[in-house]
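Input: a single structure, listed below in structure tokens.
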Amino acid sequence: QVQLVESGGGLVQAGGSLRLSCAASGRTFSRYAMGWFRQAPGKERDFVAAIVGGGSSTKYADSVKGRFTISRDNAKNTVYLQMNSLKPEDTAVYYCAARGTSVTTTTKSDYDYWGQGTQVTVSS
């Protein structure tokens with residue numbers, strides 16, 4: 001069982017930056033691929049970024065490539081999402097997810113554990 005707790009959301013102006021953190025419980029964090037997803041009001045939960053267990057490989061949605069960076073610190077059981085050049089269309093609840101294998105995927109149904117989410121609001 002893995003518990004995930006996100007933090008770092010908030011209100012920011014367009015063009016600004018935020019860094020989200022996701023702290024995980026458990027002693028085998030490096031065995032889990034980690035992902036970030038987001039859900040805007042009235043929309044589906046969409047893939048944002050993912051990182052393999054060892055941190056050497058990442059994937060991004062086209063909409064965030066070049067602006068967002070996913071990283072992890074396995075010693076701290078934490079995954080991060082650095083978000084730069086934020087746009088109003090980035091406004092959503094951001095969720096951290098863990099998959100019980102070190103291989104990444106962009107499919108939300110492949111993830112086994114989810115956090116409660118953190119709100120990110122970007123004003124124009």
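In this chain, numbering begins with 1 at the start of the sequence shown. Below, each value reflects all heavy atoms present in this structure, side chains not excepted, and no hydrogens, waters or symmetry copies.
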- Task: Decide whether Trp36 and Leu4 are clustered together by the hydrophobic rule: side chain heavy atoms of Ile, Leu, Val, Met, Phe, Trp, Tyr closer than 4.5 Å, transitively.
- Result: yes

- Message: Please report the interatomic distance CG(Asn84) to CZ(Arg19), rounded to the nearest 0.5 Å.
- Response: 11.5 Å

- Query: With no hydrogens and no angle check, do the side chains of Tyr94 and Arg38 hold a donor and an acceptor under 3.5 Å apart?
  - Reply: yes

- Task: May I ask whether Trp114 and Met34 are part of the same hydrophobic cluster, defined by side-chain heavy atoms of I, L, V, M, F, W, Y residues being less than 4.5 angstrom apart, directly or through others?
- Result: no

- Message: Closer than 3.5 angstrom, by distance alone: can the side chain of Thr121 be matched with the main-chain N or O of Thr91 as a donor-acceptor pair?
- Response: no

- Note on the structure: So CD of Gln13 and OG of Ser124: to nearest 0.5 Å the spacing works out to 9.5 Å

- Any side-chain heavy-atom pair from Met83 and Val12 closer than 4.5 angstrom? no

- Query: In terms of heavy-atom contacts, does CD of Gln116 have more than 12 from other residues, nucleotides or ligands at under 6.0 Å?
  - Reply: no

Show me the donor-acceptor pairs within less than 3.5 Å that the side chains of residues 67-76 make with the rest of the protein, sequence neighbours left out.
from  : atom 1 : to    : atom 2 : distance (Å)
Arg67 : NH1    : Ser85 : O      : 3.0
Arg67 : NH1    : Asp90 : OD2    : 2.7
Arg67 : NH2    : Ser63 : O      : 2.9
Arg67 : NH2    : Asp90 : OD1    : 3.0
Arg67 : NH2    : Asp90 : OD2    : 3.4
Arg72 : NE     : Gly53 : O      : 3.3
Arg72 : NE     : Asn74 : OD1    : 2.7
Arg72 : NH1    : Tyr32 : O      : 2.8
Arg72 : NH1    : Val52 : O      : 2.9
Arg72 : NH2    : Phe29 : O      : 2.9
Arg72 : NH2    : Tyr32 : O      : 3.0
Arg72 : NH2    : Asn74 : OD1    : 3.4
Asp73 : OD1    : Ala75 : N      : 3.1
Asp73 : OD1    : Lys76 : N      : 3.4
Asn74 : ND2    : Gly53 : O      : 3.0

- Task: Heavy atoms only: give me the nearest Thr104-Arg99 pair and the separation to one decimal.
- Result: O-NH1, 4.0 Å

- Query: Cys96 and Val79: which non-hydrogen atoms are nearest, and at how many Å?
  - Reply: SG-CG1, 3.8 Å

- Looking at Gly9 and Val120, what are the two nearest heavy atoms and their distance? CA-CG2, 4.2 Å

- Task: Mind listing the closest non-hydrogen atom pair of Ser21 and Thr78 along with its distance?
- Result: CB-CG2, 4.3 Å

- Item | Tyr111 vs Thr105, side chain to side chain contact (heavy atoms under 4.5 Å, CB included): CA-CA, chis, key distance, verdict | CA-CA 8 Å; Tyr111 287 82; Thr105 171; 3.5 Å; yes

- Query: Does CZ in Arg45 sit with more than 12 non-hydrogen atoms of other residues, nucleotides or ligands closer than 6.0 Å?
  - Reply: yes

- Query: In terms of hydrophobic clustering (I, L, V, M, F, W, Y; side-chain heavy atoms under 4.5 Å; direct or indirect links), are Val48 and Val122 co-clustered?
  - Reply: yes

- Okay, side chain of Glu6, backbone of Cys22: is any donor-acceptor separation there less than 3.5 Å? no

- Of all heavy-atom pairs between Ala49 and Tyr60, which one has the smallest distance, and what is that distance? CB-CD2, 3.7 Å

- Task: Can you establish whether the number of heavy atoms outside Gln3 located under 6.0 Å from its atom CD is more than 12?
- Result: no

- Note on the structure: dist Ile51:CD1 -> Ser56:OG (nearest 0.5 Å) comes out at 8.0 Å

- Message: Can you give me the closest heavy-atom contact between Phe47 and Thr106, atom names plus distance?
- Response: CB-O, 3.4 Å

- Verify the cluster assignment for Val64 and Phe37: are they in a single hydrophobic cluster under the rule of side-chain heavy atoms below 4.5 Å apart? no

